[in-house]
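Some notes on the structure that comes next.
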Amino acid sequence: KTISCGDVSIVRDFIDVRDVVRAYGYVLDQGVAGDIYNVCSGRGFSLGDILERICTKLGLGKVWIVSQGLIRPVDNPVIVGNGQKLSHLGFRAAYDLDRSLEDMILWWQRKLVP
């Protein structure tokens, strides 16, 4: 089986949802009312890299194909946040990308295989 994907070369900023919730706490407790805070990791990963990491963790080879019909004609090639203001509040992410992916895989394995 293969998964059809759009452009896997695009780069996005990924942050674990558990860190997002913690970051919101920092903003609520210590942030300045009316200021804007980017909740982000500040690091970019290509979607292809994410797919490769997941497949490696599962012991799979490449299971995706790029489908031209799924590629958006206008898509920012790179979107990475700047979390400097949030870090000034003392926030540091607790989960790196690999830990997030491992936990996600474990969750799905438990859900799909009773």
Side-chain angles (χ1 to χ4, degrees):
K1 286 204 167 214
T2 59
I3 301 168
S4 294
C5 299
D7 185 358
V8 297
S9 71
I10 62 174
V11 173
R12 295 294 182 260
D13 187 319
F14 292 89
I15 185 169
D16 193 288
V17 68
R18 296 167 289 192
D19 283 326
V20 171
V21 172
R22 287 183 44 257
Y24 288 169
Y26 275 83
V27 173
L28 289 170
D29 291 342
Q30 302 171 41
V32 175
D35 269 5
I36 297 171
Y37 296 86
N38 290 323
V39 177
C40 58
S41 71
R43 296 185 60 205
F45 297 91
S46 73
L47 299 182
D49 183 39
I50 300 295
L51 288 169
E52 287 176 16
R53 288 173 186 239
I54 291 170
C55 287
T56 297
K57 290 176 186 311
L58 292 171
L60 301 172
K62 182 180 173 186
V63 295
W64 68 92
I65 57 168
V66 174
S67 172
Q68 294 301 312
L70 295 176
I71 294 178
R72 296 180 224 167
V74 179
D75 205 352
N76 286 326
V78 178
I79 300 176
V80 178
N82 180 339
Q84 186 175 16
K85 282 175 62 177
L86 187 59
S87 69
H88 288 314
L89 299 180
F91 173 77
R92 301 287 179 274
Y95 300 91
D96 67 10
L97 179 63
D98 284 315
R99 168 76 188 275
S100 298
L101 294 175
E102 289 162 5
D103 290 349
M104 178 191 70
I105 290 167
L106 184 60
W107 186 89
W108 276 108
Q109 287 173 330
R110 288 179 178 158
K111 183 171 179 67
L112 296 175
V113 182

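Every value quoted in this text rests on a predicted model; they were computed, and no experiment measured them.
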With hydrophobic residues grouped by side-chain heavy-atom distances under 4.5 Å, do [X] and [Y] end up in a single group?
X	Y	result
Trp64	Leu70	no
Val8	Phe14	yes
Ile15	Ile105	no
Phe45	Ile54	yes
Val63	Trp108	yes

Is the side chain of Asp13 donor-acceptor paired with the backbone N or O of Cys40 at a distance under 3.5 Å, no angle test?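 No, Asp13 side chain to Cys40 backbone: no donor-acceptor pair under 3.5 Å.
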
Main-chain N/O of Asp7 paired with Arg72 side-chain donor or acceptor, under 3.5 Å: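 Here the side-chain-to-backbone pair does not exist.
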
Any non-hydrogen side-chain atom of [X] less than 4.5 Å from a side-chain atom of [Y]?
X	Y	result
Val27	Leu86	yes
Arg12	Ile50	no
Ser4	Ile65	yes

Could Asp98 and Arg53 be called an ion pair, given the rule that one side-chain N must be under 4.0 Å from one carboxylate O?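 Answer for the salt bridge query: yes.
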
Before accepting this row, confirm whether a basic side-chain N of the pair Asp16/Arg99 lies closer than 4.0 Å to the acidic partner's carboxylate O.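 Salt bridge flag = no for Arg99 with Asp16.
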
Plane angle bin for Tyr26 and Phe91 - parallel if under 30°, tilted between 30 and 60°, otherwise perpendicular: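 Perpendicular, since the angle between the ring planes exceeds 60°.
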
Would you name the heavy atoms of [X] and [Y] that are closest together and state the gap between them?
X	Y	value
Gly6	Val66	O-CG1, 3.6 Å
Asn38	Asn82	ND2-O, 3.1 Å
Arg22	Arg92	NH2-O, 3.1 Å
Tyr37	Val32	OH-N, 2.9 Å

Leu28, CG atom: more than 12 neighbouring heavy atoms under 6.0 Å: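 More than 12 heavy atoms, drawn from other residues, nucleotides or ligands, come within 6.0 Å of this atom.
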
Might you confirm whether atom CZ of Arg43 has over 12 heavy atoms from other residues, nucleotides or ligands at distances under 6.0 Å?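 Open: at most 12 neighbouring heavy atoms sit under 6.0 Å from CZ of Arg43.
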
Which value, rounded to the nearest 0.5 Å, describes the distance between [X] atom [atom1] and [Y] atom [atom2]?
X	Y	atom1	atom2	result
Ile36	Lys85	CD1	NZ	6.5 Å
Leu47	Glu52	CG	CD	11.5 Å
His88	Gln30	NE2	CD	13.0 Å
Leu112	Trp107	CG	CH2	8.0 Å
Leu101	Tyr95	CG	OH	14.0 Å
Leu97	Asp49	CG	CG	7.0 Å

Transitive ILVMFWY cluster of Ile79 at side-chain heavy atoms under 4.5 Å: who else is in it?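 So far as hydrophobic clustering goes, Ile79 is joined with none.
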
